[in-house]
*Asks:* 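Following this message is one structure expressed as structure tokens.
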Amino acid sequence: MSDDAFVTHRGLLFTVAYEMLGSAADAEDVVQETWLRWAGVADRDEVRDPRAYLVRIATRQALNRLRTLARQREDYVGEWLPEPLLTSPDVAEDVELAASVSIAMLTVLETLGPAERAVFVLREVFDLPYEEIAEAVDKSAAAVRQIANRARKHVAARRPRMAVSRTEQQQVVDRFLAALTTGDVQGLMDVLAPDVVLVADGGGLAAAVKHPITGVRRVAALLSHFAEFAPSAEITTLLLNGALAVRIDGSAELNTAVTFVVEDGRIARIYAIRNPHKLGRLEEVADLRR
């Protein structure tokens, strides 16, 4: 067997690793490690199901890395948010894939333990059989079923309540940007949900609030200050992680990727990624697939 199996499934392997780690750089490392182990298989013709075999290797590598990252993130300055990825319209049109790679969902997955996260991703996103997942995480199928049930309930209690159309997203984001760039506090309050939450990630490398800001008045007051920077800002709407998002460029004080959760015609959550180490993949479309 040639390298075709790895090439065919590379996008899938990257997506599995990215959903488990929330970091494209770490996901790429996992894919590379998976390739090295695949290249070391003496007789690939003996591998009955290359896809399952490769996913199993990638999952184990991602689990090892996830445990290391969990310790590192305990020392992270301020809030930690996933690394945003530029995505194609195809990802946005695949509602289930878009939901699973959204910044909101990846943030929820951060609250799971490593094994729970792996099981949830492999079962709920990629619909792998429990027996295959059990091999990947070195647990019994019965244990995997229990973990999957526990993780499903955990995520269901925390994930965004509803999906909205691209048209509605666009309308809400347009209203938000109009108010943001003019410092229109009332306009901001009209487009933000009463219990809106703003989370920012500067990683200690860029100015950012270190704790989530909650409530329409506090968030609107904070955002209203952006108007003074607006004349020098380049604002672009684009698809990040399968959803409409905003990219702000101009200087170190401005560079930000912003994603949203829209519910009932208003913005319920704002995720502002400002850590420059997480803004390096906004030029090239990521290969995300199920």
*Asks:* Using modelled atom types only, decide if a donor and an acceptor are shared between the side chain of R247 and the backbone of T237 within a distance under 3.5 Å.
*Replies:* no
*Asks:* Any chance you could measure L288, atom CG, to S88, atom OG, to the nearest 0.5 Å?
*Replies:* 8.0 Å
*Asks:* Would you say E234 has more than 12 foreign heavy atoms packed within less than 6.0 Å of its CD?
*Replies:* no
*Asks:* Roughly how far apart are E83 CD and L21 CG, rounded to 0.5 Å?
*Replies:* 11.0 Å
*Asks:* Would you call the rings of F226 and F229 parallel, tilted or perpendicular if under 30° counts as parallel and over 60° as perpendicular?
*Replies:* tilted
*Asks:* Given side chains that start at C-beta, do those of P50 and W38 come closer than 4.5 Å, heavy atoms only?
*Replies:* yes
*Asks:* Does Y18 offer a backbone N or O that forms a donor-acceptor pair with the side chain of D26 under 3.5 Å?
*Replies:* no
*Asks:* What I'd like to find out is whether the side chain of L239 reaches to under 4.5 Å of the side chain of V91, using heavy atoms alone.
*Replies:* no
*Asks:* How about R158: does its CZ atom have over 12 heavy atoms from other parts shown lying under 6.0 Å from it?
*Replies:* yes
*Asks:* Taking the side chain as every heavy atom from C-beta outward, state whether V101 and M105 have any pair of such atoms under 4.5 Å apart.
*Replies:* no
*Asks:* Calculate, to the nearest 0.5 Å, the distance between atoms CG and CZ belonging to D287 and R10 respectively.
*Replies:* 8.0 Å
*Asks:* Between atom CG of L112 and atom CZ of R150, what is the distance when rounded to the nearest 0.5 Å?
*Replies:* 9.5 Å
*Asks:* Quick one: do I213 and W80 end up in the same hydrophobic cluster if we chain Ile, Leu, Val, Met, Phe, Trp and Tyr together by side-chain heavy atoms under 4.5 Å apart?
*Replies:* no
*Asks:* Is the shortest distance from a Lys or Arg side-chain nitrogen in R152 or E116 to a carboxylate oxygen in the other one below 4.0 Å?
*Replies:* no
*Asks:* Any side-chain heavy atom of K210 within less than 4.5 Å of one from V77?
*Replies:* yes
*Asks:* Closer than 4.0 angstrom, basic N to acidic O: yes or no for D127 and R290?
*Replies:* no
*Asks:* Treating R289 as the side-chain partner and T15 as the backbone partner, does any N or O pair qualify as donor plus acceptor under 3.5 Å?
*Replies:* no
*Asks:* Taking M20's backbone N and O only, do any of them form a donor-acceptor pair with R117's side chain (distance below 3.5 Å, no angle check)?
*Replies:* yes
*Asks:* Would a hydrophobic clustering, with Ile, Leu, Val, Met, Phe, Trp and Tyr connected at side-chain separations under 4.5 Å, put L63 with L36?
*Replies:* yes
*Asks:* Does L205 share a hydrophobic cluster with L282, counting links as ILVMFWY side-chain heavy atoms below 4.5 Å and allowing steps through other members?
*Replies:* no
*Asks:* How long is the gap from CG on L69 to OG on S23, to the nearest 0.5 Å?
*Replies:* 7.0 Å
*Asks:* Is a donor on one side and an acceptor on the other found under 3.5 Å between the side chain of T256 and the backbone of I248?
*Replies:* no
*Asks:* Taking the side chain from E168 and the backbone from G265, do they hold a donor-acceptor pair closer than 3.5 Å?
*Replies:* yes
*Asks:* What residue among N241, L81, V258 forms side chain to side chain contact (heavy atoms under 4.5 Å, CB included) with Y271?
*Replies:* L81
*Asks:* Should V285 and I103 be regarded as members of a common hydrophobic cluster, given that ILVMFWY residues are connected when their side-chain heavy atoms come within less than 4.5 Å of each other, either directly or indirectly?
*Replies:* yes
*Asks:* With a 4.5 Å cut-off on side-chain heavy atoms, are D138 and R60 touching?
*Replies:* yes
*Asks:* Quick one: salt bridge (Lys or Arg N to Asp or Glu O under 4.0 Å) partners of E19, sequence neighbours excluded?
*Replies:* none
*Asks:* Enter the distance from L13:CG to F6:CZ here, rounded to the nearest 0.5 Å.
*Replies:* 6.0 Å
*Asks:* Relative to each other, are the rings of F176 and F260 parallel, tilted or perpendicular (30° and 60° limits)?
*Replies:* perpendicular
*Asks:* Contact between R266 and P194 at the side-chain level, heavy atoms closer than 4.5 Å - yes or no?
*Replies:* yes
